2 protein chains.
Amino acid sequence: MANIHDVAQRAGVSIATVSRMLSGENIRNRAAVEGAIAELGYRPNASARGLRLGRHHTIAVIVPDIANPYFATLVRGIEERVMTKGFRIIVASSDEQFTAEREVLGGLIDAVDAVAIVPAEASDRTHRMLADLGKPVVLIDRTVGDDPEFDLVHVDNAGGARMAAEHLLSLGHRRIGIISGRQETLPGQVRHKVFLDTLSSAGVQVEPEDTKIGEFTRSFGERAAQEMIAANTGITAVFVGNNTMAQGALLSLHAAGVGIPGRLSFLCFDDFDLAELLPSPVTVISRPAIAEGHAAADLLLARIDDLETGRQRKFMHKVLPVALTVRQSCAAPATS
Amino acid sequence: MANIHDVAQRAGVSIATVSRMLSGENIRNRAAVEGAIAELGYRPNASARGLRLGRHHTIAVIVPDIANPYFATLVRGIEERVMTKGFRIIVASSDEQFTAEREVLGGLIDAVDAVAIVPAEASDRTHRMLADLGKPVVLIDRTVGDDPEFDLVHVDNAGGARMAAEHLLSLGHRRIGIISGRQETLPGQVRHKVFLDTLSSAGVQVEPEDTKIGEFTRSFGERAAQEMIAANTGITAVFVGNNTMAQGALLSLHAAGVGIPGRLSFLCFDDFDLAELLPSPVTVISRPAIAEGHAAADLLLARIDDLETGRQRKFMHKVLPVALTVRQSCAAPATS
DNA sequence: CACGTAACTGAAAACGTTTACAGTAATTCC
DNA sequence: GGAATTACTGTAAACGTTTTCAGTTACGTG
């Protein structure tokens with residue numbers, strides 16, 4: 001494997017001249033150096049460059065679980081965008097554990113230029129940990145602590161929840177259930193609150209027994225739906241806070257023979273594969289995961305650029321639009 | 001950010017002594033060094049270590065598309081396993097392009113210890129490119145070139161295809177269609193061939209007009225199913241070579257109002273989310289993506305170990321079992 | 001006590017690259 | 001022609017870590 005010394009010797013110049021040419025400076029005998037590089041198949045050593053420059057052209061991407069389709073798509077969006085600028089991504093799954101985040105980032109922070117993270121916790125300790133990294137950070141979907149010390153990208157949770165509530169109201173639903181994610185997370189809290197507030201301003205209240213709050217997991221969705229079925233409180237519609245919980249809830253409703261939308265209208269935040277092929281194709285608030293990844297990447301790349309040019313810029317808060325995708329899982333409540 | 005010089009100064013020893021202690025050697029004043037490390041929050045610089053050692057504790061993982069649920073799960077399996085050995089993963093999506101693979105690997109090969117790849121091509125040029133990397137490589141699912149110069153992990157394509165054929169035969173199907181992936185790829189070829197051979201040994205032939213071969217994509221699946229519907233040759237069952245194509249085929253069949261299994265029995269290789277919730281829950285050959293990732297990681301970690309101990313070992317070829325998961329998309333052909 | 005050995009130490013060099021500084025040659029201007 | 005300026009060069013040091021080699025100290029044995 002050829003190094004810069006080999007190239008310099010072959011071209012009859014110093015290693016400094018080779019390096020300069022690679023950095024875009026003019027040199028006298030460009031042809032000889034280019035020829036040597038091609039003949040030797042030379043590529044600069046990334047570790048050496050990173051060590052000398054303190055810049056690695058690498059982004060750390062931390063998500064709860066790379067196998068989750070939403071996060072996988074988000075990562076794809078980030079990858080696509082940073083790749084166009086010669087960057088690559090290191091990926092790690094946190095399993096919603098702060099300790100995993102801290103461990104991973106501690107071990108690789110001096111080999112990356114910036115961090116994109118879907119944080120496990122909204123806590124002050126996460127806030128501090130991220131601030132102490134001394135690298136640009138973009139939060140995705142969720143906030144940490146109180147100070148606006150990081151860039152943030154998220155979808156229009158409020159707008160989506162409002163659309164969901166209005167859709168169910170417009171169909172005539174008045175006894176409505178909700179399955180929400182953890183209230184310490186931005187998506188969990190905002191979707192929940194805005195859905196309730198929108199109903200409330202139309203004079204509709206969601207009862208405590210019709211409210212389930214827990215993890216954004218499939219198994220929680222299953223359990224929540226099972227409990228609602230068992231409680232049999234007469235809800236005619238349910239709003240589920242994300243697609244993973246919704247998949248679990250659908251399994252339970254199916255197993256219990258609950259007809260959708262005949263007995264229960266069903267609407268969830270986030271789309272998922274084959275939603276349109278289910279017995280009652282699911283009405284969803286759909287979001288652009290790829291675009292969200294692109295937006296996060298753009299914010300980080302801009303931040304990295306700022307570091308090099310010495311520019312100071314305020315923290316950005318970017319909100320991506322969502323859309324109501326009406327399929328067939330919602331109908332007016334049965335009159336009997 | 002503290003470096004090893006800071007630690008050495010604070011502990012009153014040389015940097016060599018600090019380094020030795022970190023490498024597990026005995027030193028006289030261990031307490032002082034450990035104390036200095038803790039007080040300064042010192043972590044070794046990964047780039048410097050990698051440069052000096054030529055070892056990075058990093059694995060490159062190249063898959064066609066990280067947003068594809070199967071590959072995302074595979075990557076998760078790899079991540080889980082290598083992480084237990086202090087390794088991390090750099091991920092890139094090739095979009096089934098050799099040129100992307102070559103570009104990505106060229107840029108990061110000196111920053112990683114090994115490569116796990118689902119190659120875009122079975123070609124000699126891919127074989128050569130991977131061999132020239134001079135690092136351990138494990139192929140996943142697909143082979144390259146002819147020589148067995150790499151470790152390989154794949155699922156039991158032959159076993160799965162055989163089970164699929166036998167299942168349809170046992171139900172009495174005699175006019176059967178097949179939608180297969182590219183024949184230059186191991187999964188595409190083996191699943192196709194063994195399915196046909198199994199039918200053939202029971203005296204059943206698949207007609208050319210009932211055979212569709214193309215990309216392992218959803219859109220190809222859609223198109224293939226559309227063509228089969230339009231051809232209306234009277235097939236009573238179809239076997240689809242993977243889950244992505246199957247999802248596309250299901251969309252087309254649904255749109256055309258083709259009843260499953262009433263008019264057409266449907267069976268595919270690979271499972272997918274919510275398969276059991278479809279109007280006719282899909283019968284699949286299911287495979288263990290996480291376990292496949294684990295197996296690939298284990299082979300690579302063993303290879304890395306070999307490099308350090310100087311051990312020579314033959315190339316491994318690991319085959320993971322698949323299973324027939326019977327749901328309700330297959331029935332005996334209608335008698336009318 | 002003298003000698004040999006084991007255990008540890010620090011200085012220096014290595015890994016591959018970038019760049020500051022001093023030097024040289026060529027060009028331009030007065 | 002001489003002085004100033006520009007454009008380029010190579011040497012040496014930097015980045016943070018690991019490890020070789022030479023040196024020192026402590027211990028055990030005859």
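Here is how names work: the chains are called A, B, and so on, in the same order as the sequence lines, proteins then strands, and each is numbered from 1. Because only heavy atoms are used, hydrogens play no part in the values below, and waters and symmetry mates are left out as well, while side chains stay in. This is a predicted model, so every value here is computed, not measured.
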Describe the nucleic acid contact of [X] in one word from base, sugar-phosphate, nothing, applying a heavy-atom distance below 4.0 Å.
| X | value |
| --- | --- |
| Arg43(A) | sugar-phosphate |
| Asp110(B) | nothing |
| Val18(B) | nothing |
| Leu51(B) | base |
| Arg49(B) | sugar-phosphate |
| Ile27(B) | sugar-phosphate |

Report the distance from atom [atom1] of [X] to atom [atom2] of [N], rounded to the nearest whole Å.
| X | N | atom1 | atom2 | answer |
| --- | --- | --- | --- | --- |
| Ile15(A) | dA14(D) | CD1 | C1' | 12 Å |
| His5(A) | dA12(D) | NE2 | C1' | 12 Å |
| Arg28(A) | dT6(D) | CZ | C1' | 11 Å |
| Arg52(A) | dT17(D) | CZ | C1' | 16 Å |

Nearest-nucleotide comparison on DNA chain C, the residue closer to the 5′ end among Glu25(B) and Ser23(A):
Glu25(B)
Need to verify one output field. Residue with the more 5' nearest nucleotide on DNA chain C, Ala16(B) or Asn45(A)?
Ala16(B)
Assign each of Ala48(B) and Arg20(A) to its nearest nucleotide of DNA chain D by heavy atoms, then name whichever residue's nucleotide is nearer the 5' end.
Arg20(A)
Given side chains that start at C-beta, do those of [X] and [Y] come closer than 4.5 Å, heavy atoms only?
| X | Y | answer |
| --- | --- | --- |
| Ile59(A) | Ile90(A) | no |
| Ile290(A) | Glu80(A) | yes |
| Leu301(B) | Phe87(B) | yes |

Answer yes or no: does atom CD of Glu103(A) have more than 12 heavy-atom neighbours from other residues, nucleotides or ligands under 6.0 Å?
no
Answer with yes or no whether the side chains of Thr217(A) and Glu215(A) bring together a donor and an acceptor at under 3.5 Å.
no
Could you tell me from which nucleotide to which nucleotide of DNA chain C, 5' to 3', there is an atom under 4.0 Å from chain A heavy atoms?
dG16(C) to dC21(C)
Distance under 6.0 Å and angle within 45° of ring axis: Arg287(B) vs Tyr70(B)
yes
Residue-phosphate contact under 4.0 Å: Ser19(B) side-chain N/O, dT19(D) OP1/OP2
no
Per the side-chain contact (heavy atoms from CB on, under 4.5 Å) rule, which among Val138(B), Ile109(B), Leu300(B) passes with Val115(B)?
Ile109(B)
